[in-house]
Chemist: 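Following this message is one structure expressed as structure tokens.
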Amino acid sequence: MNENIPAEVIAEVEDLRRRINRANYLYYVKDQPEISDAEYDRLMRRLLELEEKYPSLVTPDSPTQRVGAPPLDEFPVHEHIVPMLSLQNAFSEEELRAFDERCKRFLDMPLDSDIEYCCELKFDGLAVSLTYIDGVLVTGATRGDGYRGENVTENLRTIRTIPLNLHHTKDESKPDFKPIPRLVEVRGEVILRHDEFRRINEEREMSGEPTFANPRNAAAGSVRQLDSRVTARRRLTMYCYGIGACEGVEFETQYQILRTLDSWGFLVNPNIRKCQNIDEAVDFVREWQTKKEDLDYDIDGVVVKVNSIDLQNRLGYVARSPRWAVAYKYPAHQATTRVINIRVQVGRTGALTPVADLEPVEVGGVTVSRATLHNEDEIRRKDVRIGDTVVVQRAGDVIPEIVEVVKEKRTGQEKEFVMPSKCPVCGADVIRLPGEAIARCTGIACPAQLKERIVHFASREGMDIEHVGPALVDQLVEKGLVKDPADLYYLNVEDLASLERMGEKSARNVIDAIEKSKSAPLARLIYALGIRHVGERTAAALAERFGSIDALKNATEEELASVPDVGPVVAKSIATFFRQSETEEVLRKLKAAGIDPKSEKRRVSDVFADKTVVFTGGLSSMTREEAESIVFQLGGKPSSSVSRNTDLVVVGENPGSKLERARSLGVKVVTEDEFLAMLREAGVEV
Ligand code: IVH
């Protein structure tokens with residue numbers, strides 16, 4: 001069937017489909033695109049061009065034959081009543097005018113007549129459909145493949161701009177007033193504003209999760225969250241721009257649809273314009289080319305829709321897109337340049353972010369000489385090396401990023417980036433905990449993190465120092481009065497009185513508050529140190545188990561990991577923190593200032609003092625964690641493996657290989673009853 005088609009064309013079509021399918025999968029299913037939109041559009045256009053030239057090559061499963069990727073399994077499937085189709089694209093003013101001409105030809109209109117258009121922004125988010133029955137939101141769904149999407153109702157319900165009930169917000173006596181239909185599908189785009197995007201990424205950075213590359217991925221990821229509480233925290237918004245199925249209400253124009261949606265309580269973007277002809281639509285497109293930079297959300301183009309619904313019906317659909325609308329896509333601000341160096345920046349939370357220094361290049365009117373590389377994995381995924389030629393992209397006011405490497409330009413001289421093992425700012429160890437994407441500095445006195453660390457140290461859950469909040473800490477650090485948390489205890493009234501808006505009386509109050517905090521219990525001091533992953537609960541467990549900062553400092557990773565709430569990852573984080581010389585110095589200064597709280601719970605007994613105790617098999621009177629905790633409190637060292645240094649092995653039900661090992665090493669073995677008797681002897685009631 002393909003006799004007349006050159007073999008290289010067949011090969012190219014196959015290659016294009018493979019690349020587009022992969023891009024689709026990463027974009028739609030994984031929310032982790034690997035190629036830029038511009039590159040995707042280029043591939044798609046080439047495939048469309050070849051399929052148009054050689055129609056026998058078109059197969060039902062070609063990516064040109066579908067709108068998106070199939071829905072995931074996790075959410076129930078929702079079938080759209082009226083399919084959610086896609087839009088044909090235009091990339092130049094000529095293509096916009098060609099669209100206008102196509103419409104006129106199809107409608108048998110003279111080419112010099114005018115078609116009225118409704119121009120709207122093309123939001124760069126995630127398309128969704130909301131179904132209302134008798135004015136009540138019953139379902140919210142993603143577009144999916146256009147026919148069947150994912151039912152994400154619970155998630156969409158969390159979006160404040162989506163009305164759960166429809167009611168008229170405008171004067172009902174207006175001539176274009178439309179009643180609320182018995183059933184209606186409302187279409188629109190869920191987006192994330194730039195400030196929210198930045199907030200979410202900051203939070204993710206703090207908790208060690210990988211950051212989102214752009215607001216669209218963040219919005220898509222948030223809508224497709226299985227836990228709607230997570231979605232709620234993302235503060236998404238939705239702009240409505242159309243209607244699918246609608247029972248009992250008719251519209252004359254697209255503009256009227258938008259005004260009606262607004263009157264029913266939906267968020268409709270105010271930047272819409274009725275244009276008398278294609279010239280005015282072109283003006284709108286030109287205007288937004290620059291104005292879009294000032295928006296606090298992303299758009300990637302303008303949608304030009306034939307305004308009259310009657311004309312829309314006559315124009316109909318072709319290949320899953322309406323003939324009556326076109327999406328004008330602004331070229332993504334991209335440029336090619338070279339990576340001069342890859343540096344590491346230390347954020348205020350200690351996160352190490354690799355940043356590429358670039359040969360300065362103009363990207364959409366702005367000179368760019370730096371681009372974020374997010375984290376180590378991202379560098380490996382994109383395989384960016386020092387000396388590489390790269391494509392950089394700038395979208396909205398989001399930091400420029402490297403889209404891809406132009407591998408053909410490699411000379412072999414490029415150097416791979418290695419994450420430093422010491423913090424470039426303070427020299428403390430850098431740690432990347434298992435399962436985390438972000439590498440972090442562990443330095444307690446790291447200048448890059450100092451303000452944050454001191455605010456945390458003084459916070460209510462920490463040392464609870466009244467009056468020492470972000471504003472005062474700012475000044476203390478700027479003036480060089482405080483270089484680590486312990487320095488707070490060496491301040492005097494004169495130091496403080498020299499600060500802005502600080503009289504002698506307030507200075508004295510601050511000093512008193514600092515003095516008072518010296519009696520904070522051990523758990524709060526541990527929390528205040530700001531050890532990664534040590535929250536209030538873990539701090540309390542550590543205080544109970546170790547009883548003093550010195551004991552905690554000297555604990556091995558294994559001992560740490562035996563504390564309830566502390567797994568191997570947290571144990572590693574704690575052990576690394578206490579290994580730092582900066583930590584030692586701060587602890588020394590704290591002790592010298594009189595801060596060395598002891599937890600009173602520990603009652604050392606001779607029976608267990610300094611004895612290494614291992615449990616094997618299940619205990620019937622308590623959990624293993626409880627038993628280990630008691631042993632610890634009695635001065636013993638619970639451990640999870642048997643060695644020559646083990647003093648005692650307690651055997652419960654169904655013991656494991658530890659028992660054999662204990663026997664072969666000649667370690668003392670006791671039963672649970674014998675262990676309980678030892679506890680009683682040590683004064684513990686069991
Ligand atoms: S109208 C029949 N209007 O663009 C098509 N779509 O390819 C109806 N989009 O992901 C679409 N802003 O969610 C329309 N003002 C707007 C839009 C818009 C963004 C998205 C849409 C879909 C894609 C269409």
Side-chain angles (χ1 to χ4, degrees), residues 24 27-28 31 33 37 40-41 44-45 48 63-64 66-69 71 80-91 99 103 117-130 140-147 149-150 152 156 185-192 215-217 219-220 223-224 236-246 251 253-255 257-259 261-262 266-275 281 284-285 288 292 295 297-307 309 311-313 315-330:
N24 263 337
Y27 183 103
Y28 286 105
D31 291 329
D37 289 3
Y40 180 85
D41 287 336
M44 200 63 163
R45 272 154 75 82
L48 280 165
T64 57
R66 66 172 184 179
V67 186
H80 302 298
I81 304 172
V82 170
M84 295 179 78
L85 304 180
S86 58
L87 292 168
Q88 42 177 325
N89 290 325
F91 295 91
F99 156 77
C103 289
Y117 291 105
C118 180
C119 290
E120 301 166 23
L121 302 183
K122 184 171 188 300
F123 311 104
D124 198 8
L126 182 77
V128 303
S129 177
L130 309 170
T142 63
R143 181 168 72 157
D145 66 3
Y147 299 91
E150 293 159 316
V152 287
L156 295 182
E185 285 180 320
V186 173
R187 266 74 199 266
E189 198 90 349
V190 171
I191 59 142
L192 189 66
R216 187 198 51 228
N217 288 1
V223 168
R224 295 165 67 250
L236 299 160
T237 191
M238 175 178 173
Y239 283 122
C240 295
Y241 52 66
I243 279 177
C246 181
F251 295 95
T253 65
Q254 164 66 14
Y255 198 76
I257 290 178
L258 294 177
R259 294 197 40 185
L261 286 173
D262 174 62
F266 292 96
L267 180 68
V268 175
N269 192 277
N271 305 306
I272 50 179
R273 188 181 297 163
K274 214 158 40 176
C275 294
F284 184 87
V285 165
W288 280 97
K292 75 180 180 17
L295 294 171
Y297 50 88
D298 285 350
I299 64 166
D300 61 345
V302 159
V303 187
V304 178
K305 301 175 184 173
V306 169
N307 196 29
I309 303 291
L311 290 186
Q312 284 187 7
N313 290 338
L315 282 159
Y317 293 81
V318 60
R320 304 194 182 185
S321 338
R323 276 201 197 83
W324 46 264
V326 68
Y328 177 90
K329 292 274 203 77
Y330 291 116

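Indexing begins at 1, ligand by ligand and atom by atom, following the structure's order. Note that the structure is predicted; figures quoted are calculated from it, not measured. Excluded from the calculations below are hydrogen atoms, water molecules and symmetry mates; all remaining heavy atoms, backbone and side chain alike, are included.
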Chemist: Working to the nearest 0.5 angstrom, can you tell me the gap between Trp324 CH2 and Asn307 CG?
Modeler: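 These two atoms lie 11.0 Å from each other.
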
Chemist: Any non-hydrogen side-chain atom of Trp288 less than 4.5 Å from a side-chain atom of Tyr330?
Modeler: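 Trp288 vs Tyr330: side chains touch.
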
Chemist: Once side-chain contact (heavy atoms from CB on, under 4.5 Å) is applied, do any residues pair with Ala325, and if so which ones, sequence neighbours excluded?
Modeler: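 Partners of Ala325 under the side-chain contact (heavy atoms from CB on, under 4.5 Å) test: Leu87, Lys305, Pro322.
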
Chemist: Please identify each residue that fulfils ring pair (Phe, Tyr, Trp, His ring centres under 6.0 Å) with Tyr239, with sequence neighbours left out.
Modeler: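 Here the qualifying residues are Phe123, Tyr297.
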
Chemist: If you round to the nearest 0.5 Å, how far is NZ of Lys122 from CD1 of Ile299?
Modeler: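 Rounded to the nearest 0.5 Å, the CD1-NZ separation comes out at 10.0 Å.
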
Chemist: Run through all N or O atoms in ligand 1 and write down each protein N or O closer than 3.5 Å, as a pair with its distance.
Modeler:
{"residue": "ligand 1", "atom": "3 (N)", "partner": "Lys305", "partner atom": "NZ", "Å": "3.0"}
{"residue": "ligand 1", "atom": "4 (O)", "partner": "Lys122", "partner atom": "NZ", "Å": "3.3"}
{"residue": "ligand 1", "atom": "7 (O)", "partner": "Leu87", "partner atom": "N", "Å": "3.1"}
{"residue": "ligand 1", "atom": "12 (N)", "partner": "Phe123", "partner atom": "N", "Å": "3.1"}
{"residue": "ligand 1", "atom": "13 (O)", "partner": "Glu189", "partner atom": "OE1", "Å": "2.2"}
{"residue": "ligand 1", "atom": "13 (O)", "partner": "Tyr241", "partner atom": "OH", "Å": "2.4"}
{"residue": "ligand 1", "atom": "15 (N)", "partner": "Glu120", "partner atom": "OE1", "Å": "2.9"}
{"residue": "ligand 1", "atom": "15 (N)", "partner": "Leu121", "partner atom": "O", "Å": "3.0"}

Chemist: Arg187: what forms a salt bridge (charged side-chain N to carboxylate O under 4.0 Å, His left out) with it, not counting sequence neighbours?
Modeler: Glu185

